[in-house]
2 protein chains.
Amino acid sequence: MTACSVRLQIFLQLQAVNKELCSKFESCLGASTSRVEILHYLLQHEEVSQSALQKEVNIDAAAVTRHLKQLEAAGTIVRYKKADDQRATWVKLEEEAKRHIEQSYQEKSQFVKETFAGFSEEELEQFLKMLSKVSVNVSHVTKNQFGGETK
Amino acid sequence: MTACSVRLQIFLQLQAVNKELCSKFESCLGASTSRVEILHYLLQHEEVSQSALQKEVNIDAAAVTRHLKQLEAAGTIVRYKKADDQRATWVKLEEEAKRHIEQSYQEKSQFVKETFAGFSEEELEQFLKMLSKVSVNVSHVTKNQFGGETK
DNA sequence: TATCAATTATTGATGCATCAATTATTTGAA
DNA sequence: TTCAAATAATTGATGCATCAATAATTGATA
């Protein structure tokens, strides 16, 4: 309350907002943000290897494998290997599923629109810049700036 | 890539940044942001009931219970009941642990400082306002704005 | 006073992400 | 050619958060 700097508030608020955002998103769309991102990436790319997908959605390879196995079991996607490389697995949406996912794409757009209601385009640009700046800053933080002596 | 609106980018970036932030924080401080928030709250409040603490740190009561049990087992905190209400459990730091946590408080401050390096005070204020606005917007989103017909 | 509702904490089941270890395959260099 | 290193995916162990159900206690009321 008292000595709580603006920086600290932002730090906490960032996490709080993100949590609310993901939670509400999931209850609205019926799937986690990760799951939805995977599906929307597939909607826009026809065919992709797991490792490429993993880099795009930025979650752990193990998590990707588990998502895709579930989606395959549900009949949403197909997975297959190609002759030239038996290591890589390729993924694509079932035709059947595309329509349903197109609809959820609309819902996501609407959700995102609501989320940033009342922001001017200028503010949005600035928001994005700030987030990117934080990202750069964080990536430059190194462990040994802290704790110092390993007493 | 192509039809990717600024709003959508922010939406994704917000989650990405938060993930990096928490991950780096944990590797620097050696404990999750939740855990550290709990400890720092206790450092500043001497004694608190679990339910009050739970509201402060904004995580599920079940998660709080589990954190506190671990901290108790580690000898970092004590938990006890009071005569006037046998339901509530009160929590306080062990004297022994306070010094160590004070140090981690410094580390957290340093981390937060690094995170927002290069931001002017004005920008910080604006950042906070934006986050708050998003929070308000999200809280107003209702499930039935979406999907519409439950076909 | 007996009972019902609210409060508080806990537990169990579940979901999702991470890391580390493992397996299979491919590539490249000696 | 052969073998080591790189690449890709998977599995198991673990951590942490959530929800739902349960237990214990307290307060209110009829």
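By convention in this document, chain letters (A, B, ...) are assigned in the order of the sequence lines, proteins followed by strands, and residues within each chain are numbered from 1. The structure displayed is predicted, hence computed values, not measured ones. Below, all heavy atoms of this structure are taken into account, side chains as well, without hydrogens, waters or symmetry copies.
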- Message: Reading DNA chain C from 5' onward, which residue's closest nucleotide shows up sooner: A:Ala62 or A:Ala83?
- Response: A:Ala62
- Message: Under 4.0 Å from a heavy atom of chain B: give me the 5'-most and 3'-most nucleotides of DNA chain C that qualify.
- Response: C:dA6 to C:dT18
- In terms of side-chain geometry, is the basic nitrogen of B:Lys129 or A:Glu123 positioned less than 4.0 Å from the acidic oxygen of its partner? no
Distance-only side-chain donor-acceptor flag, [X] / [Y], under 3.5 Å:
X: A:Tyr80; Y: A:Glu47; answer: yes
X: B:Thr33; Y: A:Gln15; answer: yes
X: B:Glu114; Y: B:Gln110; answer: yes
X: B:Gln50; Y: B:Gln54; answer: no

Value in whole Å for how far the [atom2] atom of [N] lies from [atom1] of [X]:
X: A:Asp60; N: D:dA8; atom1: CG; atom2: P; answer: 15 Å
X: B:Lys81; N: D:dA24; atom1: NZ; atom2: P; answer: 11 Å
X: A:Arg87; N: D:dA9; atom1: CZ; atom2: P; answer: 9 Å
X: A:Lys69; N: D:dA9; atom1: NZ; atom2: P; answer: 13 Å
X: B:Gln50; N: D:dA24; atom1: CD; atom2: P; answer: 17 Å
X: A:Asp85; N: D:dA6; atom1: CG; atom2: C1'; answer: 12 Å
X: A:Ile77; N: D:dA9; atom1: CD1; atom2: P; answer: 12 Å

- Face-on cation placement of B:Lys81 at B:Trp90 ring, 6.0 Å and 45° thresholds: no
At under 4.0 Å between heavy atoms, what does [X] touch on the DNA or RNA strands: base, sugar-phosphate, or nothing?
X: A:Arg79; value: sugar-phosphate
X: B:Ala63; value: base
X: A:Ser23; value: nothing
X: B:Thr65; value: base

- Task: Please tell me which of B:Ile59 and A:Arg66 maps to the more 5' nucleotide of DNA chain D, matching each residue to the nucleotide holding its nearest heavy atom.
- Result: A:Arg66
- Query: Taking the side chain as C-beta and beyond, is there a heavy-atom pair between A:Phe111 and A:Leu21 under 4.5 Å?
  - Reply: yes
